[in-house]
Amino acid sequence: MTTELAARYTPADVEPAILARWNDARAFHADPADTLEHGRKPYAVVIPPPNVTAALHMGHALNNTLQDILVRWRRMAGYNAMWMPGTDHAGIATQTVVEKRVLAQDGKRRTDFAREDFVAKIQAWKDEYEATITNQLKTMGCSCDWDRQAFTMDPPRAKAVREAFFRLFKDGLIYRGKRLVNWDPATQTALADDEVENQEIDGHFYYLRYPLVKTTASPASAYAESYITVATTRPETMLGDTAVAINPRDPRAAALRGMSVRLPIVNRIIPIIEDDYVVLPVEYGGDPLDTKAQFATGFLKVTPAHDTNDWDIGLRHHLPVINVLSPTAAISKDHGWPEEDFAQGDDELRNLLGMDRFEARKAIVEWFRREKLLAEVKPYRHSVGHSYRSHVPIEPYLSDQWYVATTKAIHGHRAGENVPGTEVAAESLVGFALRAMEPTQRGGEYGARSREVMKTDEVQRNRPWEGRLRFIPERYARNFQTWHENPRDWCISRQLWWGHRIPVWAADLPRPADIEPKPTDRGPDAQVYAALDTAVGGKFSAVFSQKFPAAQYHLTVPDQQGSPDHVRVYICLRHEHQACEAWLKSCGFVQDPDVLDTWFSSALWPLSTLGWPDDTAELAAWNPSATLSTAREIITLWVSRMVMFNIYFRDCLPFRDVFIHAMIQDGEGRKMSKSLGNGVDPLDIIHSHGSDGMRYTLAQMTTQTQDVRLPVLRDAATGRNTSDRFDLGRNFANKIWNAVRFALSYLNEDPGDTTGADTELALADRWILSRLARTVHDTDASLESFEFSGYAQGLYDFIWRDLCDWYIEIVKPTLRQSMVQRGVLAVCLDVSLRLLHPVMPFLTEALWEPLNWAAPDRGAGVLGKGVPGIQIPVSKLLIRSVWPIVPATLIDPEAEGEFALAQQVITAVRQVRTQYKVPPRQQIEVSAKVPPALAQKAIMRGLLMETLCNLTVRDLGPKVEKPAGAAVAAVGQIEIYLHNLIQADAEKDRLGKKLDELQRSIATLEGRLSNASYVDRAPPHLVKQSQDQLVAAKAEAENLRGQIAAL
RNA sequence: GGGCGCUUAGCUCAGUUGGCUAGAGCGUCGCUUUUACACAGCGAAUGUCGUCGGUUCGAAUCCGGCAGCGCCCACCA
């Protein structure tokens, strides 16, 4: 049976069938037993789980192509390779898209539904997009172990999240804190700092006057004015001011010391305090180049509840915190605003209640204007944080949140034992992350100190993970390090419905009056236990363990233990246990309504996908995994947290190498994003160029750069995007298809009588095998060092330039008879397909089968003695075939040098042919003068010329003279005379140009060699080289002059 | 404001420890379709390597200044 290949490669006709073949063979599936029982080296990659918010775009296509290249390569190279697929629930992002859709479709808001009903809607969305994403990845050919597909909110992952939370909670690393968070009033949720986008907006500085109040404590002041002026961009927050601050270095500070101001509208009396944070205005010694100093008045209104810096000032000066906003960012007295303000405040105060923050801003400014307390308004362009989802300005908002203490020393830590060169406790989550860094990638003081310590301190080396985390490209290690040297605690609660519910139940229990509260270092005190015992009608621990012998819990109380009447208690349950939860509810406990930050479950991904917290074979085999490939913007959000958690929970790294791929931008250099609408669906590209074409092009673009531009064309008729950048990969695929098609047409044929045919490797054979050996070597080196572009480019050059343009063209006339050439060609194609398979899996797999039919032994019988050492055992499926071993001994510098000379001669002859407009099909006659040393070999070159230049060699040797009327093609000392092309003027012209070129290079060389410093100081071999070149160039120039004269 | 990266042919980009006349793909021009492949072949044109200065026998490459672009972090008086 022979397989007829079409003249053109049509991916759509091939890819689905190949995919089915892989599926039938379960070719993507990996078994941990291969490692644990049979000793195969493990190679695991966990996919960065795409968000289920939307379909994948080109950035995902790039990242997943690179991962697939690594996994397929390692699989062929004999590793037990497993690629773990899955998706991320992406809390806020997914909830937001669903809220938008429900609002657009039904005109309903989230709060119009019961929590479970709305979560079901999000679940449906998730199912839809998870299917879309999975289909995209499969269509791309990603060889994920689909049997293992995971989702960050499925039951096994929920179990891991719960366990992780419980352990952190029990170890005192999770705490409840009252903090200012980035509040999104539209979605009513707290955002992480990283979820806030800054936008430049045109705003105003409002200059507000606060009247001074003289108190008994203040001296009869010398201060000239009866008011001070504060500057603010957010006048509405003045309602919550609890102080006005001045810099102690301000010359006016002394005169105001001890004085107060009356806060307009509210009539609250607030102190003037002194704090270094306040920027000095230019006229009082501020930096004239500082924009803030130009706008500053020297007086800063301090609103601890509504500004993060003011919160810090408030802590320093023990100021009251007055929250004047509701969660929707309307002025409200129901969230911590003392009633007495409303007794003494102006009528205006009541009018403001219920107003939106921007409405209130206008009203307050207007009021100040009316009351002649508005000094000035200046336009001011500044950046304002916006929610990355709802795009409304965020509001710093006081709320209760759960935090992970990332810098807190984990028990067992000895005081003062910090990560060298930092303030970070060595045995803390952040300490783990820093110490995990590969020592050569550590920079600055930390790098210097830690390398010193690692040399001397045994303790530092007793951790299996220490010093092994490596970033590629290396520069990203610095991002990672800097982030961890300035750590903050991690806010893990989100006011959302879509996510892992926080497994904590809280109760405010009546405070037992008869027991003294006794503060302790750790854990609840006697009073708390008494309150609990009362609530459950017995000793709490006894009651609990009697009722639920299998359940486990941990108790904590917050730092501020509630009100005088009540104590607050938090109970974290280790496992899901409905009966226990119901019982807690009956005792007055309420489950925390919030869910966990998405990154909490993502941080566990390398663990949870392998079955943690259970002690599974998968974990033993594939954690730590080998490589994480991801985007630079989540180095801190995600990479850091996986490292911290994996070390904390399992005492090993989640992965050793972190490859950071480029960001794909559109033609204008903008990041591809859904909001800009410039994203590209990989399926569109697959539609226009095929999966392999897309994958090859993406790999070829992956250099060490951090951004890649991809100009995109949109087809108005179909709405599909495409880009001619992908022509590169599509054309290459077609080229390979046709090279194999060509080879098959010969290999499938009976050679007939081969007596007298070549049995030795000729120059071209030795040359192409040498190039093949180099290509295998370069491919391995590129893949080892994550140089995807080099990998792709190297194969392009070998297959297209060397194999197709030269070798195949040379062997065409003789291939039918030559078993040597057949064998060499089969070997070259075999190895090429293997090397290409990781990046172009469909095409190569499709061609593998017909190659197996046509050349089952790859010509081994003939080549047995000629090409030793190539190991390419043939198996049915390429994906399961072994990575080729081609010995470096095949690298043949002599053949390469000789062949290169032949190439130059052939190119020179072709140039002359073109210049004289000789029709390609017209055969011409030549003779050639070659130096004696080359005469024998040059016969071979003559044969190559006859094939590749369509000519007949009449005469060849050291003594050949140029016939009259011949044009000359010269390479070094070789001269080819193309007969009967007599056009004296044209030839003069042509040779004159060559002479000019030669003379320029003679001048350059002479200049260089006449420079004494060069001759003395440059490496001798370079000097020698220049000298040789000069001699050769002079001889050639002399020769040319003679030819021109003879014309 | 701090950090990182980029600036090389019309476009998108290579150029790995400094060393022949700076390369590729696309595009352009010419020739070639009973040819494995026109998604092809052969040949050609196109560059003060952003700019100024320094180190060096020698700089696209190393160092410094300047300009422009992009990303990340911090920042709402």
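All values derive from a computational prediction rather than experimental measurement. Letters A, B, ... are given to chains in the order of the sequence lines, protein chains preceding strands, and every chain is numbered from 1.
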Stems formed with participation of RNA chain B [Watson-Crick or G-U wobble, under 3.5 Å, three or more pairs]:
B:1-7 with B:67-73, B:10-13 with B:23-26, B:28-32 with B:40-44, B:50-54 with B:62-66

Rounded distance in Å between the [atom1] positions of [N] and [M]:
{"N": "B/rA59", "M": "B/rC72", "atom1": "C1'", "value": "31 Å"}
{"N": "B/rU8", "M": "B/rG47", "atom1": "P", "value": "15 Å"}
{"N": "B/rA9", "M": "B/rC49", "atom1": "C1'", "value": "10 Å"}
{"N": "B/rU28", "M": "B/rG10", "atom1": "P", "value": "15 Å"}
{"N": "B/rG25", "M": "B/rG18", "atom1": "C1'", "value": "28 Å"}
{"N": "B/rC6", "M": "B/rA14", "atom1": "C1'", "value": "14 Å"}
{"N": "B/rA44", "M": "B/rU56", "atom1": "P", "value": "40 Å"}
{"N": "B/rU12", "M": "B/rC31", "atom1": "P", "value": "30 Å"}

If you look at every strand shown and take non-hydrogen atoms under 4.0 Å, does [X] touch a base, only sugar-phosphate, or nothing?
{"X": "A/Arg8", "result": "base"}
{"X": "A/Thr297", "result": "nothing"}
{"X": "A/Lys917", "result": "nothing"}
{"X": "A/Asp310", "result": "nothing"}
{"X": "A/Tyr696", "result": "nothing"}
{"X": "A/Glu809", "result": "base"}
{"X": "A/Phe732", "result": "nothing"}
{"X": "A/Thr232", "result": "sugar-phosphate"}
{"X": "A/Arg730", "result": "base"}

For the side chain of [X], counting heavy atoms from C-beta on, which of [options] is nearest?
{"X": "A/Ala739", "options": "B/rC39, B/rG43, B/rA36", "answer": "B/rA36"}
{"X": "A/Arg801", "options": "B/rG41, B/rA44, B/rG30", "answer": "B/rG41"}
{"X": "A/Gln911", "options": "B/rG25, B/rG43, B/rC37", "answer": "B/rG43"}
{"X": "A/Arg475", "options": "B/rA40, B/rC4, B/rG25", "answer": "B/rC4"}
{"X": "A/Arg632", "options": "B/rC71, B/rA40, B/rC72", "answer": "B/rC71"}
{"X": "A/Arg478", "options": "B/rC39, B/rG3, B/rU34", "answer": "B/rG3"}
{"X": "A/Trp800", "options": "B/rA40, B/rA36, B/rA44", "answer": "B/rA40"}

Can a salt bridge be assigned to the pair [X] and [Y] using a cut-off of 4.0 Å between side-chain N and carboxylate O?
{"X": "A/Glu395", "Y": "A/Arg234", "value": "yes"}
{"X": "A/Arg361", "Y": "A/Glu236", "value": "yes"}
{"X": "A/Asp797", "Y": "A/Arg801", "value": "no"}

A/Asn731 vs B/rA40: side-chain N/O to OP1/OP2 distance below 4.0 Å
yes

Whole-Å distance separating the [atom1] atom of [X] from the [atom2] atom of [N]:
{"X": "A/Tyr916", "N": "B/rG30", "atom1": "OH", "atom2": "P", "answer": "22 Å"}
{"X": "A/Gln481", "N": "B/rG2", "atom1": "CD", "atom2": "P", "answer": "19 Å"}
{"X": "A/Asp805", "N": "B/rU32", "atom1": "CG", "atom2": "P", "answer": "20 Å"}
{"X": "A/Glu633", "N": "B/rC4", "atom1": "CD", "atom2": "P", "answer": "19 Å"}
{"X": "A/Met663", "N": "B/rG70", "atom1": "CE", "atom2": "C1'", "answer": "9 Å"}

Which atom pair, heavy atoms only, marks the closest approach of A/Leu1009 to A/Val1015?
O-CG2, 3.3 Å

What heavy-atom pair brings A/Thr814 and A/Gln821 nearest, and what distance separates the two atoms?
OG1-OE1, 2.7 Å

Let me have the donor-acceptor pairs involving side chains of residues 276-284 of chain A, under 3.5 Å, with sequence neighbours excluded, atom names and distances please.
| from | atom 1 | to | atom 2 | distance (Å) |
| --- | --- | --- | --- | --- |
| A/Tyr277 | OH | A/Asn309 | ND2 | 2.9 |

Working to the nearest 0.5 Å, report the span between OH of A/Tyr210 and CD1 of A/Ile270.
6.0 Å

Can you tell me how far the OG1 atom of A/Thr232 sits from the CG atom of A/Leu300, to the nearest 0.5 Å?
8.5 Å

Would you indicate whether A/His777, at its atom NE2, is surrounded by more than 12 heavy atoms from other residues, nucleotides or ligands within a distance under 6.0 Å?
no

Side-chain donor/acceptor contact of A/Lys735 with base of B/rA40 under 3.5 Å:
no

Taking the side chain as C-beta and beyond, is there a heavy-atom pair between A/Arg478 and A/Gln441 under 4.5 Å?
no

Do A/Tyr9 and A/Asp692 come close enough that some side-chain heavy atom pair is under 4.5 Å?
yes

Just say parallel, tilted or perpendicular for the rings of A/Tyr696 and A/Tyr796, cut-offs at 30° and 60°.
parallel

How does each nucleotide of nucleotides 13-21 of chain B score, in 5' to 3' order, for protein heavy atoms under 4.0 Å: base (B), sugar-phosphate only (S), or none (-)?
SS----BBS

